[in-house]
Amino acid sequence: MQPLAFSQISGRFISQLLSRRPRISQIKQIHAQIIVRSLVSARLSLIDSLIHCYLHSKSLNSARILFDNYRSSPPPPILLWNLMMRAYSKLQHSSEAINLFRLMIDTQAKPDDYTFTFVITSCAHQDSVVCGRIIHGMALKNGTFLNLYVANSLIGMYAAFARVDDAREVFEELSETDVFSWTSLVSAYAKNRDMRKAGEVFCKMPVRNDVSWAVMISGFVSSGRYTEALRYFHDMFPEFEPNEAVLVCALSACANLGSLDQGKWIHGYVDSNPSLQSSNAMTALIDMYAKCGRIDCAYRVFDKIMRPDIHNYTSMISGLSIHGLGEEAIHVFQRMLAEKLSPNDITILGVLNGCSHSGLVQQGSSIFYSMESSWGVVPKIEHYGCYVDLLGRAGYLAKAFGIAKSMPFNPDVVVWRALLSACRIHSNLSFGERIISYLEQLDSGSFSGTNVLLSNLYASLGKWEKVTQVRKVMGKQMNPAGIGCSWIEVGGVVHEFRVADVLHPQIVEIREKLGEILNRVGVVGYAADATHVSFDLNEEDREQAVAWHSEKLAVAFGLMSSVSGASIRIMKNLRTCEDCHAVLKAISKVYDREIIVRDRARFHTFKQGKCSCKDYW
DNA sequence: CTAGGGTTAG
């Protein structure tokens with residue numbers, strides 16, 4: 001810390017010093033000098049500047065103490081109230097900003113347009129819309145018409161709560177609008193998962209900017225419409241350069257689609273723009289590579305980061321975990337601890353997940369039981385779910401069940417499913433049926449995922465009449481669009497396949513190729529298993545449906561297009577069925593190809609007739 | 001030496 005030279009102190013000199021926004025250590029020295037030399041009474045505005053500087057250096061408490069002293073007499077100017085509120089809202093202390101607003105009203109100070117914009121922005125971060133509605137009313141009473149800034153923050157506030165009608169109402173009342181008003185309205189529809197309406201408003205916008213595009217792209221990503229997200233991403237060129245937020249969203253879309261080629265292209269774009277090389281972008285790149293099956297590339301991005309932060313570490317650890325590299329995940333976790341970085345709840349979820357899939361019961365248990373005392377992370381239900389999964393997979397069914405029953409949460413579908421899955425792995429029918437009774441009591445919406453597990457449990461025990469029974473129920477409940485969907489990326493284009501698909505333009509050739517594949521794998525002993533396929537079809541159509549199963553179509557297309565030399569990557573969103581597993585093993589052997597399948601968040605690598613994943617079937 | 005300082009969307 002450089003001591004300041006205070007030989008020639010005057011109020012004017014201090015005022016000049018403060019106007020240069022000094023660092024916190026210097027602000028404190030100046031503050032001390034103001035007190036020592038009793039400059040306060042001579043110059044009240046020095047206190048204003050001092051508060052300003054404390055806020056600038058994010059020392060809210062110091063600023064607040066000065067502000068509170070100020071409040072008695074004379075009253076602080078509106079500007080200071082506003083600055084305090086803005087600081088609270090910027091630093092995510094939205095409740096404190098609202099408290100201050102209340103205090104302001106109580107002390108008869110009159111809020112202005114700035115006050116309203118800051119406090120309404122804070123209301124957007126509250127749990128409920130109630131506060132925002134009240135303050136909306138006050139803003140209306142305060143002036144004859146709504147200031148554009150105030151109105152825009154109201155639209156943004158209603159957007160945050162997905163209250164499209166309220167947002168629209170404020171928007172319609174405006175006599176003039178700007179890009180903020182429009183973007184906020186688009187954001188309201190996007191938050192409400194209504195991308196059709198969001199798109200309509202987006203089209204009507206008189207002026208768009210990078211944030212408007214970002215809102216659309218992130219809206220598509222959060223409603224799971226990744227292909228459309230990438231289409232918008234491409235459409236924004238060359239009119240707009242994507243900013244960091246857009247790239248992170250686009251990378252997330254690539255990660256979810258397994259779209260490695262497009263992900264690589266974005267990586268190149270980031271590499272050539274130093275301004276885009278933020279921590280968030282690195283985190284998204286690591287995640288993208290990991291989820292596209294390229295843990296080696298993820299590692300390379302991670303290793304280039306000078307001082308990885310907690311988010312970089314978290315995505316690296318989670319990436320290793322979904323690749324079944326539990327030991328490696330723990331290794332990176334320990335490296336992170338050695339760097340004096342404290343894990344957050346997601347980091348711990350990542351490590352536990354890694355332990356779970358690698359059978360590291362000791363390490364996982366130790367992390368689970370010490371997470372609160374060591375790092376102050378209170379276990380959430382997800383952590384219990386992960387731990388139950390860890391114990392269950394390792395065969396400690398009774399212990400896992402005990403945790404599920406005694407944890408401080410009511411077990412949810414995820415926890416019961418983890419147990420049910422463990423019952424399947426360890427062929428424990430009696431435990432499985434007990435868990436099913438718990439699952440049925442939960443009465444929570446869709447049971448399709450549960451029924452898949454249940455039917456697989458019965459199948460693994462050879463109880464075929466039970467399998468048929470469950471499949472019948474499933475056929476009635478399941479959304480046909482949500483099942484049996486696989487996709488593969490070839491040359492930057494994602495090709496999607498469904499059971500009994502006829503939509504693909506090259507479907508005839510793909511079908512031919514599939515016929516050839518099935519003939520060749522028949523020789524090494526693969527026989528299609530009709531019990532796991534397309535339950536809503538009649539017996540007659542089953543034989544064909546077996547041949548048309550979505551993963552097979554994707555693989556056939558991959559072989560036809562010679563994807564990435566030796567390896568074929570398929571991404572899918574449903575559990576790999578036994579039949580698919582068998583055919584992929586056979587194909588990897590006959591065609592001498594490496595086939596990587598991503599099933600939800602897990603990778604299975606098929607190589608020379610074997611699968612890397614031990615715990616699966 | 002006083003005035004001015006401060007706004008909204010992902």
Side-chain angles (χ1 to χ4, degrees), chain A residues 10-13 15-16 18-21 42-56 63 67 76-90 97 100 111-125 132 135-136 139 143 146-162 167 170-171 174 176-191 198 201-202 205 207-222 229 232-233 236 240 242-250 252 278 280-281 284:
Chain A
S10 72
R12 180 178 153 75
F13 176 63
S15 174
Q16 278 174 347
L18 287 174
S19 69
R20 275 189 246 141
R21 317 220 136 157
R43 239 171 206 285
L44 199 54
S45 71
L46 279 182
I47 298 298
D48 292 15
S49 298
L50 208 48
I51 292 175
H52 208 145
C53 288
Y54 274 127
L55 290 177
H56 187 74
F67 180 79
I78 290 287
L79 180 80
L80 277 189
W81 288 96
N82 292 349
L83 284 175
M84 287 299 303
M85 270 181 243
R86 184 184 69 141
Y88 281 126
S89 92
K90 279 244 162 83
L100 208 57
D112 64 7
D113 289 341
Y114 289 99
T115 322
F116 280 111
T117 44
F118 298 140
V119 75
I120 289 165
T121 308
S122 303
C123 290
H125 299 125
I135 294 173
H136 183 180
L146 273 183
N147 166 286
L148 182 59
Y149 287 99
V150 177
N152 287 348
S153 44
L154 277 169
I155 299 170
M157 187 270 293
Y158 285 125
F161 293 106
V170 178
F171 183 87
L174 283 173
E176 58 157 340
T177 56
D178 64 6
V179 69
F180 286 81
S181 336
W182 284 90
T183 305
S184 301
L185 188 62
V186 173
S187 153
Y189 286 114
K191 277 261 166 53
V201 177
F202 183 77
M205 286 179 77
V207 181
R208 287 186 276 264
N209 63 17
D210 56 335
V211 182
S212 333
W213 285 92
V215 170
M216 283 305 287
I217 294 166
S218 95
F220 280 122
V221 169
S222 47
Y232 270 74
F233 175 67
M236 75 182 284
F240 290 101
N243 57 31
E244 188 220 18
V246 167
L247 288 170
V248 170
C249 287
S252 161
S278 65
N280 279 341

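Being a predicted model, the structure only gives us computed values, none of them experimental. Because only heavy atoms are used, hydrogens play no part in the values below, and waters and symmetry mates are left out as well, while side chains stay in. Letters A, B, ... mirror the listed sequences (proteins, then strands); counts begin at 1.
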Checking all strands, does [X] fall into the base, sugar-phosphate, or nothing category for heavy-atom contacts under 4.0 angstrom?
X      : value
A:L83  : sugar-phosphate
A:S184 : sugar-phosphate
A:V215 : sugar-phosphate
A:N280 : nothing
A:D210 : nothing
A:N243 : base

Closest approach to the side chain of [X], judged atom by atom: which nucleotide of [options] is it?
X      : options              : result
A:S49  : B:dT7, B:dG5, B:dA9  : B:dG5
A:D178 : B:dT7, B:dT8, B:dG10 : B:dT8
A:S218 : B:dG10, B:dG5, B:dT8 : B:dG10
A:L79  : B:dG5, B:dA9, B:dT8  : B:dG5
A:H52  : B:dG5, B:dT8, B:dG10 : B:dG5

Spacing of [X] atom [atom1] relative to [N] atom [atom2], expressed in whole Å:
X      : N      : atom1 : atom2 : answer
A:F180 : B:dG10 : CZ    : P     : 10 Å
A:W182 : B:dG10 : CH2   : C1'   : 18 Å
A:D48  : B:dG4  : CG    : C1'   : 10 Å
A:Y189 : B:dA9  : OH    : P     : 19 Å
A:L146 : B:dT8  : CG    : P     : 17 Å
A:I120 : B:dT8  : CD1   : P     : 12 Å
A:D112 : B:dT8  : CG    : P     : 13 Å
A:F202 : B:dG10 : CZ    : C1'   : 13 Å

**Study point:** Backbone of A:S181 reached by a side-chain donor or acceptor of A:D178 within 3.5 Å
**Key:** yes

Practice item. Assess the pair A:W213 and A:F233: is the distance between their ring centroids shorter than 6.0 Å? Key: no

Review point. Within 45° of the six-membered ring axis of A:F240 and under 6.0 Å from that ring's centre, is NZ or CZ of A:R208 located there?
Key: no

Check your understanding: If you measure from SG on A:C53 to CG on A:D48, what distance do you get to the nearest 0.5 Å?
Key ->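 Going from the SG atom of A:C53 to the CG atom of A:D48 covers 11.0 Å.
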
Review point. Out of A:W182, A:Y158, A:F180, which residue meets the ring-ring contact (aromatic ring centres under 6.0 Å, His included) rule with A:F171?
Key: A:W182

